[in-house]
Amino acid sequence: MVRVNDLKELGKSGVKVPSIGFGTWGIGGGLTPDYSNDNYFINVIRKAVELGMWHIDTAEMYGDGHTEELVGEAIKVFDREEIFITTKVKGENLSRERLLKAVKGSLERLRVKYIDLYLVHWPNPRVPLKETMKTLEELVDRGLIRFIGVSNFDVKLIEEARTYLSKEDIVNVQNRYSLLHRGDEKNVIPYCQREGITYTAYTPLEKGKLAKDKFLAKIGEKYDKTAAQVALNWIIYQKNLITIPKASNLKHLEENAGAMGWRLDEEDFKKISNKFK
Ligand SMILES: NC(=O)c1ccc[n+]([C@@H]2O[C@H](COP(=O)([O-])OP(=O)(O)OC[C@H]3O[C@@H](n4cnc5c(N)ncnc54)[C@H](OP(=O)(O)O)[C@@H]3O)[C@@H](O)[C@H]2O)c1
């Protein structure tokens, strides 16, 4: 397995994860399971790990649970400690009772004893945030999850969530961020950088659109890198930022792994930032 030299600390936990992990939305279905390509996807996930993208991002919602099953099947050939698994609890499962059931379901489908990072997938104003955060802390205490994070949260909600944690802290915020989607530069990203929280950018390639960008391709020539690799490197260039592109095509997968292990120079980083403003 490639042990890439491009790791970032998760929050202030002392644990490091690859700057580029592997997203799994669409692997094994969308909102419902699709069993037709299981063997192919199991291989894709294994290949992602072998290429150094051993942070796998999934969710109980993906494929209505089937994506977690495929991740579980794929990773059984590796030592558990070699893989970092992020999964997410649905917004509708945030009460204590439902959360306890949800984590059990994810652990069973993933066939692991613990989840590395457990995220609240979406906020749900109908469930008191305090109840959710206290339950997540209980799950850490019980050894079922190692770290707590949130997704699709703004600064106000992140701050509120943190007030309900006594022994733990939020180590990760996962929100949408790419060259074409930069709203979080205003508040959430500076907040995470200030507070030492890792920020995971989702949909970093805008579903593949950025891979076709001519400006990025031109910049990439200097580094012998493609447009997609430049778009991903532009994200991980930034302090506390990691990302999780999804690829089911093996060529895309290798390309995305190749966005790690090098760095845009400052001038090019700025040029790209300004061009897409
Ligand atoms: N927390 C949340 O609410 C949330 C929301 C959305 C996504 N996410 C997570 O973030 C992950 C990534 O986001 P995403 O899947 O929405 O979008 P994305 O990673 O920006 O784009 C994935 C698409 O880009 C294509 N692609 C990947 N690498 C490529 C390359 N090198 N060149 C050309 N095309 C390439 C893929 O095609 P192929 O599959 O054909 O290779 C796929 O169609 C998800 O899978 C999921 O794990 C989380």
Side-chain angles (χ1 to χ4, degrees), residues 17-31 34 37 40-41 43-45 47-48 51 53-63 66-68 70-71 74 84-94 106 110 115-124 149-154 157-158 170 172-184 188 198-214 216-217 220 225-236 241-260:
V17 294
S19 300
I20 296 186
F22 179 66
T24 62
W25 168 248
I27 302 263
L31 294 174
D34 175 353
N37 290 307
Y40 178 77
F41 284 139
N43 271 330
V44 169
I45 299 166
K47 185 82 184 155
L51 287 167
M53 296 182 288
W54 44 268
H55 170 204
I56 301 171
D57 178 82
T58 189
E60 62 169 343
M61 189 194 102
Y62 298 177
H66 187 49
T67 309
E68 287 184 331
L70 290 176
V71 172
F84 188 95
I85 303 174
T86 296
T87 193
K88 317 182 194 81
V89 53
K90 287 182 209 171
E92 69 202 56
N93 287 340
L94 298 183
S106 285
L110 289 162
I115 288 159
D116 294 286
L117 175 61
Y118 202 38
L119 307 180
V120 174
H121 205 152
W122 290 90
N124 179 354
V150 292
S151 183
N152 302 301
F153 273 46
D154 62 17
L157 263 188
I158 301 167
I170 283 174
N172 181 243
V173 173
Q174 182 181 125
N175 280 0
R176 185 164 184 175
Y177 182 63
S178 75
L179 274 166
L180 297 174
H181 207 104
R182 293 175 61 183
D184 271 0
V188 182
T198 300
Y199 178 101
T200 306
Y202 76 66
T203 317
L205 294 171
E206 290 298 329
K207 305 275 179 196
K209 189 172 170 193
L210 285 168
K212 297 190 199 101
D213 188 88
K214 291 204 169 62
L216 296 177
K225 295 288 174 187
T226 64
Q229 290 171 326
V230 172
L232 295 173
N233 198 271
W234 176 85
I235 292 174
I236 63 172
L241 264 60
I242 62 172
T243 188
I244 43 166
K246 173 256 179 181
S248 47
N249 173 310
L250 290 172
K251 265 186 71 187
H252 292 163
L253 199 65
E254 282 188 28
E255 198 177 333
N256 297 347
M260 284 188 281

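Both ligands and their constituent atoms are indexed starting at 1 by order of listing.
At the top of the distance list for atom 11 (C) of ligand 1, counting protein heavy atoms only, stands Ile244 O, 3.2 Å. At the top of the distance list for atom 41 (O) of ligand 1, counting protein heavy atoms only, stands His252 ND1, 2.6 Å. The shortest contact between atom 39 (O) of ligand 1 and any protein heavy atom is with Ser248 OG, 2.6 Å. Atom 13 (O) of ligand 1 has Thr203 N, 3.1 Å as its closest protein atom, hydrogens excluded (heavy atom only). Atom 6 (C) of ligand 1 has Tyr202 CD1, 3.2 Å as its closest protein atom, hydrogens excluded (heavy atom only). Taking atom 43 (O) of ligand 1 as the reference point, the nearest protein heavy-atom neighbour is Lys207 O, 4.1 Å. Protein heavy atom closest to atom 45 (O) of ligand 1, with residue, atom name and distance, is Trp25 N, 2.9 Å.
Proximity of Ala228 to ligand 1, defined as any heavy-atom pair under 4.0 Å, is confined to the side chain (atoms from C-beta onward). Residue-level proximity to ligand 1 for Leu253 is absent, since no heavy atom of it falls below 4.0 angstrom. Only side-chain heavy atoms of Glu255 come within less than 4.0 Å of ligand 1; its backbone N, CA, C and O stay farther off. Contact annotation for Ala211 and ligand 1: only side-chain heavy atoms (C-beta onward) come within less than 4.0 Å of the ligand. Under 4.0 Å from ligand 1, the heavy atoms of Asn256 that appear belong solely to its side chain.
In summary, the atoms of ligand 1 found under 4.0 Å from a heavy atom of Leu205, numbered by their order in the structure, are 20 (O), 27 (C), 28 (N), 29 (C). Residue Asp57 approaches ligand 1 through these ligand atoms, each under 4.0 Å from one of its heavy atoms: 9 (C), 46 (C), 47 (O). Residue Asn249 approaches ligand 1 through these ligand atoms, each under 4.0 Å from one of its heavy atoms: 38 (P), 40 (O), 41 (O). Residue Thr24 approaches ligand 1 through these ligand atoms, each under 4.0 Å from one of its heavy atoms: 45 (O), 47 (O). Counting atoms of ligand 1 from 1 in the listed order, those under 4.0 Å from a heavy atom of His121 are 1 (N), 2 (C), 3 (O). Here is the list of ligand 1 atoms found below 4.0 Å of a heavy atom in Pro245: 19 (O). Using a 4.0 Å cut-off to heavy atoms of Asn152, the atoms of ligand 1 that qualify are 1 (N), 2 (C), 3 (O).
The two residues Asn233 and Ala259 make their nearest non-hydrogen contact at ND2-O, 3.0 Å. Of all non-hydrogen atoms in His66 and Asp34, the two that sit nearest each other are CD2-O, 3.6 Å. Minimum heavy-atom separation, Arg176 to Glu206: NH2-OE1, 2.6 Å. Contact between Phe41 and Ser248 at its shortest, heavy atoms only, is CE2-CB, 3.6 Å. In terms of heavy atoms, Ser106 sits closest to Ile115 at CB-CD1, 4.0 Å.
Under a 3.5 Å cut-off, the side chain of Thr67 and the backbone N or O of Ile27 do form a donor-acceptor pair.
No side-chain donor-acceptor contact under 3.5 Å links Asn172 and Tyr199. Between Asn93 and Glu60, the side chains place a donor N or O and an acceptor N or O closer than 3.5 Å (distance only, hydrogens not considered). Between the side chains of Thr24 and Thr58, at least one donor N or O sits under 3.5 Å from an acceptor N or O.
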One pair to check against side-chain hydrogen bond (donor to acceptor under 3.5 Å, both in side chains): Thr203 and His181. What are the steps and the verdict? CA-CA 9 Å; Thr203 317; His181 207 104; over 6 Å; no
I would like to know whether Asp57 and Lys88 meet salt bridge (charged side-chain N to carboxylate O under 4.0 Å, His left out); could you show each step before the answer? CA-CA 9 Å; Asp57 178 82; Lys88 317 182 194 81; 2.7 Å; yes
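Looking only at side-chain heavy atoms (C-beta outward), Met53 and Leu253 come within less than 4.5 Å of each other. No side-chain heavy atom of Val173 sits less than 4.5 Å from a side-chain heavy atom of Thr200. For the pair Ile45/Leu70, a side-chain contact is recorded, criterion being any heavy-atom separation below 4.5 Å from C-beta on.
Residue nearest to atom 42 (C) of ligand 1, selected from Lys212, Lys246, Gln174, Lys209: Lys246 (by heavy-atom distance). Taking all heavy atoms of Gly208, Gly26, Ser178 into account, the minimum distance to atom 25 (C) of ligand 1 is reached by Gly208.
At a 4.0 Å cut-off, at least one heavy atom of Tyr62 sits close enough to ligand 1 to count as contact.
Here's the thing with Lys88: none of its N/O atoms is less than 3.5 angstrom from an N/O atom of ligand 1.
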